[in-house]
Amino acid sequence: MTSTLTLLDVLVVPYRVGNAELAQRYEAVLVHSPGIRLIDLTSDHLRLAVQLRARIGVHTPDALQLAALLGVQCPAFATNNRGSSRCWD
């Protein structure tokens with residue numbers, strides 16, 4: 001489970017190197033794989049992300065991902081940013 005923000009992160013490099021076909025394949029995997037659920041970000045997610053940034057100091061991308069996942073009661077969140085884990089404390 002992840003938010004649609006993942007598309008932004010994953011598609012940057014293929015487009016940067018001029019490989020639109022690879023970007024389309026990556027997007028197809030994320031959008032159509034049965035094991036992956038993409039959550040559309042809403043204004044409610046943005047408001048929660050602001051609160052998370054203010055309260056625990058996570059960066060904007062992680063705050064948006066966390067807000068989306070908390071909205072569907074996801075039990076875990078994988079990230080390389082240490083501060084984001086405080087959301088589950």
Side-chain angles (χ1 to χ4, degrees):
M1 201 175 317
T2 189
S3 82
T4 51
L5 181 65
T6 299
L7 291 171
L8 184 146
D9 284 339
V10 169
L11 301 180
V12 169
V13 172
Y15 280 119
R16 184 177 292 146
V17 298
N19 194 339
E21 182 182 329
L22 181 60
Q24 290 170 352
R25 290 194 341 235
Y26 281 0
E27 184 172 353
V29 167
L30 287 169
V31 171
H32 301 296
S33 291
I36 299 174
R37 178 178 169 204
L38 285 178
I39 302 163
D40 289 324
L41 293 171
T42 67
S43 56
D44 288 338
H45 293 128
L46 299 178
R47 284 193 272 302
L48 179 54
V50 168
Q51 293 173 26
L52 291 169
R53 289 205 65 210
R55 193 172 10 160
I56 61 176
V58 294
H59 295 112
T60 299
D62 279 349
L64 289 166
Q65 293 283 24
L66 287 166
L69 297 175
L70 288 169
V72 294
Q73 300 175 341
C74 184
F77 178 64
T79 181
N80 291 327
N81 298 331
R82 290 183 188 171
S84 299
S85 64
R86 286 182 281 168
C87 194
W88 266 258
D89 292 344

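- Minimum heavy-atom separation, S3 to A68: CB-CB, 3.8 Å.
- Of all heavy-atom pairs between A63 and V58, the closest is CB-CG2, 3.6 Å.
- Judged by distance alone, with hydrogens and angles left aside, the side-chain atoms of S33 form no donor-acceptor pair with the main-chain N or O of G35 at under 3.5 Å.
- Remark: the backbone N or O of T42 is paired with a side-chain donor or acceptor of H45 at under 3.5 angstrom.
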- request: Decide yes or no on side-chain contact (heavy atoms from CB on, under 4.5 Å) for L7 and L30, but give the supporting numbers first.
  value: CA-CA 8 Å; L7 291 171; L30 287 169; 3.6 Å; yes
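- Taken together through direct or relayed side-chain contacts under 4.5 Å among Ile, Leu, Val, Met, Phe, Trp and Tyr, V50 and I56 form parts of separate hydrophobic clusters.
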task: Would you check, one step at a time, whether the test side-chain contact (heavy atoms from CB on, under 4.5 Å) holds for V72 with R37?
output: CA-CA 11 Å; V72 294; R37 178 178 169 204; 3.6 Å; yes
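- Of all the heavy atoms in N19 and L22, the pair that sits closest is OD1-N, 3.0 Å.
- Between R53 and D62, every side-chain heavy-atom pair lies at or beyond the 4.5 Å cut-off.
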- prompt: So T2 and L69, side-chain contact (heavy atoms from CB on, under 4.5 Å) or not? Walk me through it.
  reply: CA-CA 7 Å; T2 189; L69 297 175; 5.6 Å; no
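- In this structure, CD on Q51 lies 11.5 Å from CG on L46, to the nearest 0.5 angstrom.
- Proximity of L70 to L52: side-chain heavy atoms (C-beta onward) are separated by under 4.5 Å at one or more points.
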